[in-house]
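Here's the structure we're looking at; comments come further down.
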Amino acid sequence: MAAAEEKDVLMRADHIKVYFKGKNKRSGTVKAVDDISLEIKKGETFGVVGESGCGKSTLGRTLIRLLKPTEGHIYLDGTDIAGMKGADLKEMRKKAQIIFQDPSACLNPRRTVRQILMEPFEIHQMTKQIDVEARIMELLNLVGLDAYHLSRYPHELSGGQKQRIGIARALALKPDLIICDEAVSALDVSVQAQVLNLLQELKEKLGLTYFFISHNLNVVYQVSDRVGVMYLGKIVEIADYDQLYEKRYHPYTEALLSAIPQVGQEERRERIRLRGEVPSPSNPPDGCHFHTRCPRACDRCSLEVPKLREVEKGHLVACHLYDQ
Ligand code: SF4
């Protein structure tokens, strides 16, 4: 893989695998993340797109060590966090936070907004070190809410307001990296746009780096500087947003893009309908995991795993069609 200069990289994942043992012998091992290497550059939004169950949320949670990788290394600002535990892991969490998909499920219904925003400072025993009340007001202002929201409980807030609280909580400890795990998927379309705009404003104002996960390529396109496409535990294509919009190499990316409705374009893309279902990650096909659905598969595809290679500067693809 073409490596960015070390000083520009915030996070580097190196051959990470996340495997889960099945409940019994017959259910096998689920290979949720299967040998992924990638870099997240400082200040960028790295979008990850793929169908439900492809492993993108597991990848995001592993990158900030909510899950432990089965194998591989994860470097955050040059420090390997893959095997970190205890106090070191707790300290690391100040640098990397997550915004979850469903704001209703991740806010404690019995706590007020003020109590929810106080939690990160309590967990890190910072309540005596800093002016927490002032910091909480600052967080509310950053996400466009007011002081009167502090006494509200989650059920008294709209979906968009709840997600703003989720964002404020993620920002509390001034992280460098935020994993946005389907952060707008549960919201109405009009609210989605507001929250995406807010995330963009915060990124510019606070110099944040995002790892933005979504099943919706359209949403990923709106926010990302670079995009990684995931299929069945593997990254199959990585490119800058505009490179990918201009040219997709991987047949799966082509199929994903063809499903986005086009408005006002003279040349209409033909919708590529993939055959069959996504195979189970506990029993992925040999060779290229996509070969059972790929319209361009050949004999080699079922035998050999394609490597992620650079086909143009900064544009990486895992497909035998581009091996030469
Ligand atoms: Fe399709 Fe083969 Fe390329 Fe996989 S390696 S995407 S099966 S052409």
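Each residue takes its place number in the sequence, starting with 1. All heavy atoms count here, side chains included; hydrogens, waters and symmetry mates do not. Every number for a ligand or one of its atoms is a count from 1 in the order of the listing.
Residue C301 approaches ligand 1 through these ligand atoms, each under 4.0 Å from one of its heavy atoms: 2 (Fe), 5 (S), 7 (S), 8 (S). Of all the atoms in ligand 1, the ones that sit under 4.0 Å from a non-hydrogen atom of C294 are 1 (Fe), 6 (S), 7 (S), 8 (S). Close approach of ligand 1 to H250 (heavy-atom distance below 4.0 Å) involves ligand atoms 6 (S). For ligand 1, the atoms sitting less than 4.0 Å from at least one non-hydrogen atom of P251 are 6 (S), numbered in the order shown with element in parentheses. Atom numbering of ligand 1 starts at 1 in the shown order; those under 4.0 Å from a heavy atom of L321 are 8 (S). Near R296, meaning under 4.0 Å from any of its heavy atoms, are these atoms of ligand 1: 8 (S).
Using a cut-off of 2.8 Å, one finds that C288 contributes no N/O/S atom close to atom 2 (Fe) of ligand 1. For atom 3 (Fe) of ligand 1, the N/O/S atoms of H291 include none lying under 2.8 Å.
The aromatic rings of H250 and Y252 sit perpendicular, their planes meeting at an angle over 60°, well past the 30° parallel limit.
Geometrically, K21 does not engage Y19 in a cation-pi contact, judged by NZ or CZ lying under 6.0 Å from the ring centre and within 45° of the ring axis.
Ring to ring, Y221 and Y241 are close: their centroids are under 6.0 angstrom apart. Taking the six-membered ring for Trp and the full ring otherwise, Y249 and H315 have centroids separated by under 6.0 Å.
For D286, the CG atom is loosely surrounded, since the number of other residues' heavy atoms within 6.0 Å does not exceed 12. Shown here is K174, whose NZ atom has no more than 12 heavy atoms of other residues, nucleotides or ligands within 6.0 Å.
Residue, atom and distance of the protein heavy atom nearest to atom 3 (Fe) of ligand 1 are C319 SG, 2.3 Å. Of the protein's non-hydrogen atoms, H320 N, 3.3 Å is the one closest to atom 5 (S) of ligand 1.
For E304 and R300, the salt-bridge test passes: some basic side-chain N is under 4.0 Å from an acidic carboxylate O.
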